[in-house]
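In what follows, every chain begins at residue 1, and chains take the letters A, B, ... in the order their sequences are listed. Computed over heavy atoms, backbone and side chain alike; hydrogens, waters and symmetry mates excluded. The structure presented is a predicted model; accordingly, all values stated were derived computationally and were not measured.
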Amino acid sequence: MSSIQKIKGFADLFSPDSDRFTFLESTARSVFFKYGFGELRTPILEHTEVFSKGIGEDTDVVGKEMYTFPDRKGRSLTMRPEATAGVMRAFIESRQYQPGGVYKLCTMGPMFRYERPQKGRMRQFHQINCETLGSDSPLADAEIILMLNEFLLAAGLDRLTFEVNSLGCNDCRPGFRQALTDFFAAIPEEELCDDCKRRRATNPLRVLDCKVERCKKAIEGVPELPEHICPKCRDHFAEVLEVLDASDISYVRNPRLVRGLDYYQSTTFEVVSGDIGSQSSVAGGGRYDGLVRQLGGPDVPGVGFACGMERLALLLEAKENGEMKQPDFYVALLDERGLRQSLLLAQELRGHGLSGECALAAGSMKSQLRRAGKLNARFALILGGEELDAKTVVVKNLQSGDQAVVPWEHAVTLVRG
RNA sequence: GCGAACGUAGCUCAGUAGGUAGAGCACACGGUUGUGGCCCGUGUGGUCGUGGGUUCAAGUCCCAUCGUUCGCCCCA
């Protein structure tokens, strides 16, 4: 192929792939609006510091996955690798925050990360995002988890598991980190995999969810987060869990659930699927109370989540059973003299809320009806020389084969049934 | 960034010890006058990802390159 190709890790979505995205977006909106969320659309491009300050300089995302480049005046810009930091920037910049107020924002759209593409992981991928700002109440955490659950169910996605954890706050997490580091330091090097040898220095929390058997064995008895968080965090988390228990959501506690973005603290959660390969996390989120201030705004607490639309779309696709769209009609044209009438008839029916297409060129009866059948239309409206002369049309029911010759203006009532 | 597999008609793929390409599906048109979905026939369509190399001769061997896929990593 010598024609121009799309960029690696980017995709063109035609129907029906694009339909799944549209469906996810619209069900998300209808669920979120019920909870009082308003939609915010922020730019795809931001000043780089929005992300380096917000997500954390030494995360993988910021360190090696961002599309960052200078603009024509040499300012460093970055294509957003996630939504939350940009939403916070917009929230701060708009100066709409009033102490005591609660703000619920949702956003959705493309994100960009320079990673090796694989199943469920694109360089341009799409997320659906929600943020509740201004409340540090555990009820806000619970509400957003319940809303996420409702959205996923509304999209027809079950067989997902919710995992929840608490990472502790800035007061208690350092202590836990230290306890981990001390614990790992005592493990002989040969008992860990190569990744974990590195990770225990760079990102000790990550060692917790290593999948290598050797490591799982080596870290038996490792300090667990729930035992190290401060009383305040413990109570907060307990209240979140109690509300979840009182609701009809099912979840599992995963004391080793760790998030890769620096701004997460306290409550964290993840939605995992076993049906879509190694990129199994379809949604994730948590509380990020320090983020707004980190970005130069007031001290506003927040909690939110992000869903990966490509991954949800994979699940939707797996559930589909090849049902075809069924338009109401197809105008089959046999005589070139009827070209205009073909369109006018279609317009008449569309004006009554019916869906369908008309022939844009005349053809043989065989080819025209084949086309109608291929489109899976309910009715074929046949326009031939005889019908044109008499200002009539044959309305043929393609399922039963029944047909009737009627004046143009009566076609609508037959198709409507 | 690391590893593995694969790149042949629009799609899914065959292609035998190297000798200038096939099937199914799809598409188009037919199977006697204006009636589809089944069946049958005919036809359109490929410089075998790209560039080098070995050879009398390469889709088939070698190298490189691009791309795809799956895993690692990371995350949604």
Side-chain angles (χ1 to χ4, degrees), chain A residues 1-3 5-11 24 55 59-66 81-84 108 110-130 148 152 160 193-196 198-199 202-203 206 209-212 257-261 264 269-273 276-286 304-315 324 330 332-335 362-388 394-403 405:
Chain A
M1 299 291 161
S2 57
S3 58
Q5 300 176 13
K6 62 183 170 295
I7 300 170
K8 185 193 188 98
F10 288 61
L24 288 169
I55 301 171
T59 57
D60 278 14
V61 170
V62 172
K64 49 193 191 195
E65 295 174 1
M66 294 203 303
E82 59 103 47
T84 303
M108 50 194 77
M111 311 293 158
F112 305 84
R113 262 127 86 158
Y114 193 91
E115 297 181 273
R116 194 72 170 273
Q118 69 184 72
K119 187 176 187 182
R121 187 169 81 185
M122 292 285 132
R123 288 183 175 180
Q124 175 177 329
F125 60 105
H126 298 76
Q127 286 189 342
I128 296 175
N129 244 256
C130 286
L148 172 58
L152 293 170
L160 297 171
C193 71
D194 290 345
D195 286 321
C196 285
R198 171 177 52 80
R199 278 192 288 230
T202 58
N203 195 350
R206 277 262 148 230
D209 62 358
C210 182
K211 288 123 201 152
V212 179
L257 174 62
V258 167
R259 317 249 71 231
L261 275 36
Y264 285 118
F269 53 91
E270 197 165 307
V271 183
V272 183
S273 166
I276 54 172
S278 74
Q279 303 303 308
S280 58
S281 169
V282 301
F305 65 78
C307 292
M309 290 179 56
E310 278 76 4
R311 295 177 189 179
L312 295 178
L314 283 174
L315 291 169
M324 278 184 73
Y330 175 73
L333 181 65
L334 310 179
D335 186 321
S364 69
M365 179 65 91
K366 186 165 194 161
S367 68
Q368 288 290 292
L369 283 187
R370 259 186 194 161
R371 174 131 189 87
K374 180 138 318 222
L375 290 169
N376 195 33
R378 288 171 51 234
F379 286 90
L381 308 191
I382 305 170
L383 269 183
E386 294 170 22
E387 289 77 17
L388 287 168
V394 177
V395 178
K396 178 183 172 84
N397 181 320
L398 289 172
Q399 271 104 67
S400 64
D402 299 340
Q403 63 182 52
V405 186

Would you indicate what A:I128 reaches in the nucleic acid, counting non-hydrogen atoms under 4.0 angstrom: base, sugar-phosphate, or nothing? nothing
The reported gap from CZ in A:R370 to OG in A:S364 (rounded to nearest 0.5 angstrom) is 8.0 Å
Atom NZ of A:K119 to atom P of B:G71: distance rounded to whole Å? 7 Å
Mind checking if A:G277 touches a base, just sugar-phosphate, or nothing, with heavy atoms under 4.0 Å? sugar-phosphate
For atom C1', what is the distance between B:C61 and B:U42, given to the nearest Å? 40 Å
In whole angstroms, how far is the P atom of B:C27 from the CG atom of A:L375? 11 Å
With heavy atoms under 4.0 Å as the rule, sort A:Q403 into base, sugar-phosphate or nothing. base
Work out how far the P atom of B:C29 is from that of B:G36, and round it to whole angstrom. 14 Å
Quote, to the nearest angstrom, the C1' distance that separates B:G7 from B:G49. 6 Å
Is there a donor N/O on one and an acceptor N/O on the other, under 3.5 Å, for the side chain of A:K366 and the base of B:U35? no
Side chain of A:V394 (C-beta onward), nearest among B:G31, B:U35, B:C74: B:U35
Might you work through the side-chain contact (heavy atoms from CB on, under 4.5 Å) test for A:M365 and A:I382, ending with a clear yes or no? CA-CA 9 Å; A:M365 179 65 91; A:I382 305 170; 3.9 Å; yes
How is A:A372 classified with respect to the nucleic acid when contacts are heavy atoms under 4.0 Å: base, sugar-phosphate, or nothing? nothing
If pairing means Watson-Crick or G-U wobble with both distances under 3.5 Å, then the partner of B:A76 is none
May I ask you to say whether A:E270 pairs ionically with A:R259, meaning some side-chain N is under 4.0 Å from a carboxylate O? yes
Among B:C75, B:G31, B:G34, which nucleotide has an atom closest to any side-chain atom of A:Q279? B:C75
Using only side-chain N and O atoms of A:Q118, determine if any of them is under 4.0 Å from OP1 or OP2 of B:G71. yes
Looking at A:R121 and A:R116, would you say the former's side chain and the latter's main chain have a donor-acceptor pair under 3.5 Å? yes
Distance check, P atoms only: B:G45 and B:G10, in whole angstrom units. 11 Å
Decide yes or no on side-chain contact (heavy atoms from CB on, under 4.5 Å) for A:Y330 and A:L398, but give the supporting numbers first. CA-CA 10 Å; A:Y330 175 73; A:L398 289 172; 6.0 Å; no
Taking it one step at a time, do A:L315 and A:L160 satisfy side-chain contact (heavy atoms from CB on, under 4.5 Å)? CA-CA 10 Å; A:L315 291 169; A:L160 297 171; 3.8 Å; yes
Under a 3.5 Å cut-off for both contacts, is B:G46 paired Watson-Crick or G-U wobble with anything, and if yes, with which nucleotide? none
Tell me: CG of A:L257 to P of B:C75, nearest whole Å? 11 Å
Mate of B:G37 across any strand shown (Watson-Crick or G-U wobble, both atom pairs under 3.5 Å) is none
Could you work out which one of B:C2, B:A76, B:G30 sits closest to the side chain of A:S364? B:G30
Output the rounded distance in Å from CZ (A:F125) to C1' (B:A76). 6 Å
Contact class for A:E386 vs. all strands (heavy atom < 4.0 Å): base, sugar-phosphate, or nothing? base
When rounded to the nearest Å, what value does the distance between P atoms of B:C62 and B:U54 take? 15 Å
Which value, in whole Å, describes the distance between the P atoms of nucleotides B:G31 and B:A17? 46 Å
Rounded to whole Å, please give me the gap between CE in A:M324 and C1' in B:G37. 11 Å
Which one, B:A76, B:A26, B:G37, comes nearest to the side chain of A:R370? B:G37
For B:A57, the Watson-Crick or wobble counterpart (both distances under 3.5 Å): none
Earlier contact from the 5' end, RNA chain B, for A:E310 and A:I276: A:I276
Distance-only, no hydrogens or angles: does the A:R123 side chain make a donor-acceptor pair with backbone N or O of A:E115 under 3.5 Å? yes
Give me the distance, rounded to whole Å, that separates B:C63 from B:A26 when you measure between the P atoms they each carry. 40 Å
Whole-Å gap separating C1' (B:C75) and CG (A:L312): 14 Å
Partner nucleotide of B:U12 by Watson-Crick or wobble geometry (both distances under 3.5 Å): B:A23
For the base of B:G1, is there a side-chain donor-acceptor partner from A:E65 under 3.5 Å away? no
Does A:I7 or A:L398 map to a spot on RNA chain B nearer the 5' end, using the closest nucleotide for each? A:L398
Is A:S281 close enough to B:C75 that one of its side-chain N or O atoms is under 4.0 Å from OP1 or OP2 there? no
Does B:C72 have its OP1 or OP2 closer than 4.0 Å to a side-chain nitrogen or oxygen of A:S278? yes
Does A:R259 have a side-chain nitrogen or oxygen under 4.0 Å from the phosphate oxygens OP1 or OP2 of B:A76? yes
Nucleotide paired to B:G71 in any strand shown, Watson-Crick or G-U, under 3.5 Å: B:C2
Side-chain donor/acceptor of A:R311 to backbone N/O of A:S281, under 3.5 Å: yes
For B:U32, the Watson-Crick or wobble partner whose two distances fall under 3.5 Å: none
Rounded to the nearest angstrom, tell me the gap between atom CD in A:E270 and atom P in B:C74. 12 Å
Does B:U68 have OP1 or OP2 under 4.0 Å away from a side-chain N or O of A:K8? yes
What's the gap between B:G46 and B:C13 when it is taken at their C1' atoms, as a whole Å value? 14 Å
Nucleotide B:A76, atom C1' - distance to OH of A:Y114 in whole Å: 20 Å
Any side-chain to backbone donor/acceptor pair from A:Q124 onto A:G9? Under 3.5 Å, distance only. no
Any N/O donor-acceptor pair, A:R121 side-chain to B:C70 base, under 3.5 Å: no
At 4.0 Å (heavy atoms only), tell me whether A:E82 reaches a base, stays on the sugar-phosphate, or touches nothing. nothing
